[in-house]
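Following: one structure in structure tokens, then a few remarks.
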Protein chains: 2
Amino acid sequence: MEWNITPGRPVYLQLIEQLELAIVTGAMPAGARVPPVRELAAEAGVTPNTMQRALQELENRGLLKAQRTAGRTVSAGTEQLDTLRRQRAEALAQEFWKQMQALGVSTEETAALLRAAAEKENV
Amino acid sequence: MEWNITPGRPVYLQLIEQLELAIVTGAMPAGARVPPVRELAAEAGVTPNTMQRALQELENRGLLKAQRTAGRTVSAGTEQLDTLRRQRAEALAQEFWKQMQALGVSTEETAALLRAAAEKENV
DNA sequence: ATTATTGTATTAGACACTTAATACAACAAT
DNA sequence: ATTGTTGTATTAAGTGTCTAATACAATAAT
């Protein structure tokens, strides 16, 4: 798994986001075993403590399940993950729209900017 | 000016964002005088120190200009503000598109979600 | 010239985040 | 039964953010 930790925001929050993304997109499918805390921490370049904090938060949200020496697994079902993915997409769209409104960008221009962003991706 | 400071992210960064938004959208037009640090701080419910930090950062970016007892003014020109507004909109679109891609949401569905967000705004 | 306003700087303390280093607890594997 | 793996907890220290209180510096207004 690839990690992208940037300064300026709490690391454990970034870990949570990226882990959740990996889960809802199927990179870590339902039922799959999650690598050990120490391994994930080494990968991400953080302390086991910090990674532990992120994992526990995801466990609180019902996405992961720790079983002592048997390691962690993705406890959420496929349906639940799909719902989460949808919710996340809706929230992103909502937020994006809100910000464009705040900037005073029209509906048409917003659409145009999105098309431009899509084109730009083809690099 | 209305402030919306939420915990979890550095306050001075939120101040910078909201001040910059007010500037590029014309709420604080080019050449306008900016209220004193102490006043802005009281409005936003933060310490003058924190507000000062945000204002100085905006000064570093060339948006504001401090003139001792004459107070601060918006030093950026209208054209510059327009450019900034455009850049910000483009960056937002780019980022939104990137995140939808990461979530595996199709182009059509992205458009649909955006329409839904636009409708929802009519409350 | 004096005064009030405004920007700026300094010091101290509280708090959250993060690292580092260990140690402990549970249990699968052998 | 022993061993190794894994999750969990603890303590200490460093760093950045934020508040609080205060003082200083420059200058517009009078």
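Just so it is clear: chains get the letters A, B, ... in the order the sequence lines come, proteins before strands, and each one is counted from 1. On a predicted model such as this, the values are computed, not experimentally measured, just so you know.
- In terms of position on DNA chain C, the residue among A/L13 and B/L55 whose nearest nucleotide sits closer to the 5' end is B/L55.
- Looking at residues two or more places apart in sequence or on another chain, you find no salt bridge (charged side-chain N to carboxylate O under 4.0 Å, His left out) involving A/E43.
- When rounded to the nearest whole Å, the span between CE of A/M51 and C1' of C/dT19 equals 14 Å.
- Between B/L19 and B/L63, the closest side-chain pair of non-hydrogen atoms is not below 4.5 Å.
- The side-chain hydrogen bond (donor to acceptor under 3.5 Å, both in side chains) search around A/R38 returns none, not counting sequence neighbours.
- Judged purely by atom type and a 3.5 angstrom limit, B/Q18 has no side-chain atom pairing as donor or acceptor with the backbone of B/W3.
- For B/E57 and B/R61, the salt-bridge test passes: some basic side-chain N is under 4.0 Å from an acidic carboxylate O.
- Annotation: side-chain hydrogen bond (donor to acceptor under 3.5 Å, both in side chains) contacts of B/T73 (sequence neighbours excluded): B/Q67.
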Collect all protein-nucleotide pairs involving nucleotides 13-15 of chain D in which both atoms are nitrogen or oxygen and the distance is under 3.5 Å.
none

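- OP1 or OP2 of D/dG7 has at least one side-chain nitrogen or oxygen of A/R72 nearer than 4.0 Å.
- In this structure, B/Q14 atom CD and D/dT17 atom P are separated by 13 Å, rounded to whole Å.
- Residues B/M51 and B/P35 have side chains not in contact (no heavy-atom distance under 4.5 Å, counting atoms from C-beta outward).
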What N/O pairs connect the protein and nucleotides 25-30 of chain C at under 3.5 Å? Give each pair on its own line.
{"from": "C/dA25", "atom 1": "N3", "to": "A/R68", "atom 2": "NH1", "distance (Å)": "3.3"}
{"from": "C/dA26", "atom 1": "O4'", "to": "A/R68", "atom 2": "NE", "distance (Å)": "3.3"}
{"from": "C/dC27", "atom 1": "O4'", "to": "A/T69", "atom 2": "OG1", "distance (Å)": "3.2"}

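- Taking the side chain as every heavy atom from C-beta outward, A/I23 and A/L84 never approach each other to under 4.5 Å.
- Among residue pairs with one or both ends in residues 38-96 of chain A, those qualifying as ring pair (Phe, Tyr, Trp, His ring centres under 6.0 Å) are A/F96-B/F96; sequence neighbours excluded.
- Between the CG atom of B/N60 and the P atom of C/dT8 there is a distance of 11 Å, given to the nearest Å.
- Atom CD in B/E57 sits about 15 Å away from atom C1' in D/dT17, given to the nearest Å.
- Across the protein-nucleic acid pair, A/K65 atom NZ and D/dG7 atom C1' stand 13 Å apart, rounded to whole Å.
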Short heteroatom pairs, N/O only, protein and nucleotides 9-16 of chain C, under 3.5 Å:
{"from": "C/dT10", "atom 1": "O4", "to": "B/N49", "atom 2": "ND2", "distance (Å)": "3.2"}

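- Residues satisfying the side-chain hydrogen bond (donor to acceptor under 3.5 Å, both in side chains) criterion with B/E2, sequence neighbours excluded, are absent altogether.
- Residues forming a salt bridge (charged side-chain N to carboxylate O under 4.0 Å, His left out) with A/R53 (at least two apart in sequence, or on another chain): none.
- Against DNA chain C, the stretch residues 32-39 of chain A makes heavy-atom approaches under 4.0 Å through A/R38.
- In this structure, B/I16 atom CD1 and D/dT17 atom P are separated by 10 Å, rounded to whole Å.
- Partners of A/E95 according to the side-chain hydrogen bond (donor to acceptor under 3.5 Å, both in side chains) rule, which considers only residues two or more places apart in sequence or in another chain, do not exist here.
- The side chain to side chain donor-acceptor pair (under 3.5 Å) pairs that include a residue from residues 102-111 of chain A are A/S106-A/E108, A/E109-B/R86, where partners are two or more places apart or lie in different chains.
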